[in-house]
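Some notes on the structure that comes next.
Because the structure is a prediction, the values reported are computed rather than measured. In what follows, residues are counted from 1 in the order of the sequence shown.
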Amino acid sequence: MDVQIWTYILVGVTFALYIGIAIWSRAGSTKEFYVAGGGVSPLANGMATAADWMSAASFISMAGIIAFAGYDGSVYLMGWTGGYVLLALLLAPYLRKFGKFTVPDFIGDRYYSKTARLVAVFCALLVSFTYVAGQMRGVGLVFSRFLEVEINTGVIIGMIIVLFYAVLGGMKGITYTQVAQYCVLIFAFTVPAIFISIQMTGNPIPQLGMGSEMVDGSGYLLDKLDGLSTELGFNAYTDGSKSMIDVFAITLALMVGTAGLPHVIVRFFTVKRVKDARKSAGWALLLIAILYTMAPAVAVFAKTNMIDSVVGKSYADQPEWLKNYEEIGLIAWADKNGDGKIQYGPGNAFAGNKNKPMYDAKNRTAIGNRITTNADTAVANELYVDRDIMVLANPEIANLPNWVIALVAAGGLAAALSTAAGLLLVISSSVSHDLIKKVVNPNISEKGELIAARLSAVGAVCVAGYFGINPPGFVAAVVALAFGLAAASFFPAIILGIFYKRMNKEGAIAGMVVGIVCMLLYMIKYKLGWFDATLPSKEEWWFGISPEGFGSIAMLVNFVVSLVVCHLTSAPPKDVQEIVENIRIPSGAGEATGH
């Protein structure tokens, strides 16, 4: 059977499974909608958390970024893994003890202020919409290649699927759907990696295969990739080009951003006890590590195979996979020197302004709204390769069986849809629970709140779809910006709220507002380029820190402003200080309460 038939079968079966689970576990109360009834087992919650955490950025884009950035891509591995450890140790048990199942709810009650709650709602919506844009983009990529539809059509199909089980099942449906999605995505990521590791090095363990000798006797795999990279004019794959301060800033922003992500934090309220929250965090970390330790190997396999199979060879003799991705604009070639061969090196394959640079192979025109540079130096380069295709194309490049290629498509969809569903729940609960129930209409009935939550999810899906069709960058880059926004806004307010009794509402509000505004302005100027006719160069970055890493600076500004304002204003009430004392002893917590 060909790839498309296999894709229809595997994607159809997995979608039927997700929808079946959503129908079986549909939410009948607000508690089931928000926290799955609070009775999920630690292992199931660990699997659901891992699926929630490993988004399209982890599955589709992270290995792609590492494939192009080499050593510099390790910031994503360090930041996202370290961030989860930080979340599990520093925040999860204490927030679980506090008992409020949304971040705005915690901030609203801890800082005894409707204004603080409203600021937190705004920040939660901003973080979640930025994050979900990357997921919908990932869904569009998978559908566009494997179902042979346009990326925008793929985004719309994904919207419909997510809407169904997120709106019907709420957190209860999402939790058990995410358990199934974890199984699908980890199997889909692991199987081709094992195949290719055996094919290239004879070692069935990808993590070890990456550093092993090639079966053809040409030396170690990493040495070969270093040689190929330098021959083409790039830095050696295992050398870094980022400044140390930018590496540190991005890693820190991803770590503390993780600890402030509302869709991950809410998962610790779906278990019965604080002890179970700790156990589920441990399970999740173990399950996440399987994919995260494999991603660098997948990146090495994909980059080596791509260079070997494409570069320096006649365009007329190129493999079928290249033509497939060229048709949907994710690979493009321009014969600049007229020799009919594909030349690849540092530089831009196609010129274009920052608003319309994506290449349409059929019409030989620029389309879309994403910057299509593989590097920044203006050296001759004839090939554009979208970073987000490396994992999806990897089995095709390696000539693996069609069912393996289709399996990767099902896994990519599972990763994107699982995180998108969790984010949509955060958006709907922020609107229905934290805004409508707690601020606008405190007397709303449970049925009315449930209806509001579902309507909010519908609206959120529509907005998410728009950002999926018009994303501001590569999937992992968009997601990194979401982490920066979370670091700039939530992390200081949550940490100080747990560990500093003197922290008051004035300090928290001032810190969140200043932090999020700093991050937004920097992101708009240096990532989106709205303030300039052309996108500013790296030389203009403050302190040499990229937009993905600026969340660290904005977070420090947040801490300073929060503490200064806190000490210039009155201390919080005694009862609030007693609550802070109590939650630092993470035992004796009851069930999560939302009312």
Side-chain angles (χ1 to χ4, degrees), residues 79 82-113 116-117 119-120 123-124 127 252-262 264-269 273-275 277-278 281-282 285 483 485-516 551-590 592-593:
Y84 195 83
V85 175
L86 186 70
L87 172 64
L89 294 178
L90 267 187
L91 300 184
Y94 306 108
L95 290 172
R96 179 65 185 81
K97 177 71 180 289
F98 195 85
K100 300 299 180 181
F101 51 70
T102 69
V103 174
D105 214 10
F106 167 79
I107 288 176
D109 282 17
R110 164 60 182 88
Y111 295 113
Y112 50 96
S113 167
R117 185 186 299 274
V119 172
C123 293
V127 169
L252 180 60
L254 295 175
M255 284 182 65
V256 298
T258 300
L261 282 180
V264 176
I265 289 172
V266 74
R267 291 238 55 95
F268 295 103
F269 293 98
R273 299 165 296 180
V274 172
K275 182 180 178 181
R278 290 183 185 276
L285 191 57
F483 280 75
L485 290 167
S489 56
F490 284 136
F491 184 73
I494 295 172
I495 285 291
L496 293 171
I498 293 171
F499 295 104
Y500 189 44
K501 288 194 302 182
R502 179 65 175 75
M503 191 63 199
N504 60 13
K505 63 181 179 181
E506 291 85 0
I509 293 168
M512 284 192 293
V513 170
V514 172
I516 199 77
S552 300
I553 303 300
M555 175 200 68
L556 294 175
V557 172
N558 184 334
F559 268 118
V560 171
V561 170
S562 297
L563 291 170
V564 169
V565 172
C566 162
H567 285 281
L568 293 176
T569 50
S570 58
K574 285 289 184 185
D575 60 327
V576 172
Q577 295 188 47
E578 288 172 6
I579 290 172
V580 175
E581 283 283 354
N582 185 46
I583 63 172
R584 288 208 298 268
I585 307 170
S587 61
T593 57

When you measure from the side chain of Ser562 to the backbone N and O of Ala508, does any donor-acceptor pair fall under 3.5 Å?
-> no

Work out which heavy atom in Leu254 is nearest to a heavy atom in Phe483; give both atom names and the distance.
-> O-CD2, 3.4 Å

Verdict with reasoning, Val513 to Val561, per side chain to side chain contact (heavy atoms under 4.5 Å, CB included) | CA-CA 10 Å; Val513 170; Val561 170; over 6 Å; no

Scanning both residues in full, the closest heavy-atom pair of Asn504 with Pro572 reads CB-CD, 4.0 Å

Is there a side-chain contact between Tyr112 and Ile579, using heavy atoms and a 4.5 Å cut-off?
-> no

Parallel, tilted or perpendicular, as decided by the 30° and 60° cut-offs, for the rings of His567 and Tyr500 = tilted

Taken to the nearest 0.5 Å, the spacing of Ile494 CD1 from Met512 CE works out to 9.5 Å

Return the minimal non-hydrogen interatomic distance between Leu86 and Met255, and the atom names on each side.
-> CD2-O, 3.9 Å

Who pairs with Arg110 by side-chain hydrogen bond (donor to acceptor under 3.5 Å, both in side chains), at least two apart in sequence or on another chain?
-> none

Contact check, side chains of Cys123 and Val119, non-hydrogen atoms, under 4.5 Å | yes

What residues form a ring-ring contact (aromatic ring centres under 6.0 Å, His included) with Phe499, not counting sequence neighbours?
-> Tyr94

Is there side-chain contact between Arg117 and Asp105, with at least one heavy-atom pair below 4.5 Å?
-> yes

Contact summary for Gly497 and Val580, nearest pair of heavy atoms = O-CG2, 3.6 Å

Give a yes or no on whether the backbone of Ala493 and the side-chain of Tyr111 come within a donor-acceptor separation of less than 3.5 Å.
-> yes

Shortest non-hydrogen contact from Ala253 toward Ala487 | O-CB, 3.9 Å

Separation of Phe491 CZ from Leu556 CG (nearest 0.5 Å) = 10.5 Å

In Å and rounded to the nearest 0.5 Å, what is the OG to CZ distance from Ser570 to Arg502?
-> 7.0 Å

Minimum heavy-atom separation for Ile107 to Ala116, with atom names?
-> CG2-O, 3.8 Å

Compare all side-chain heavy atoms of Val514 with those of Asn558 and state whether any distance is below 4.5 angstrom.
-> no

Min side-chain heavy-atom separation Lys501-Val576 under 4.5 Å = no

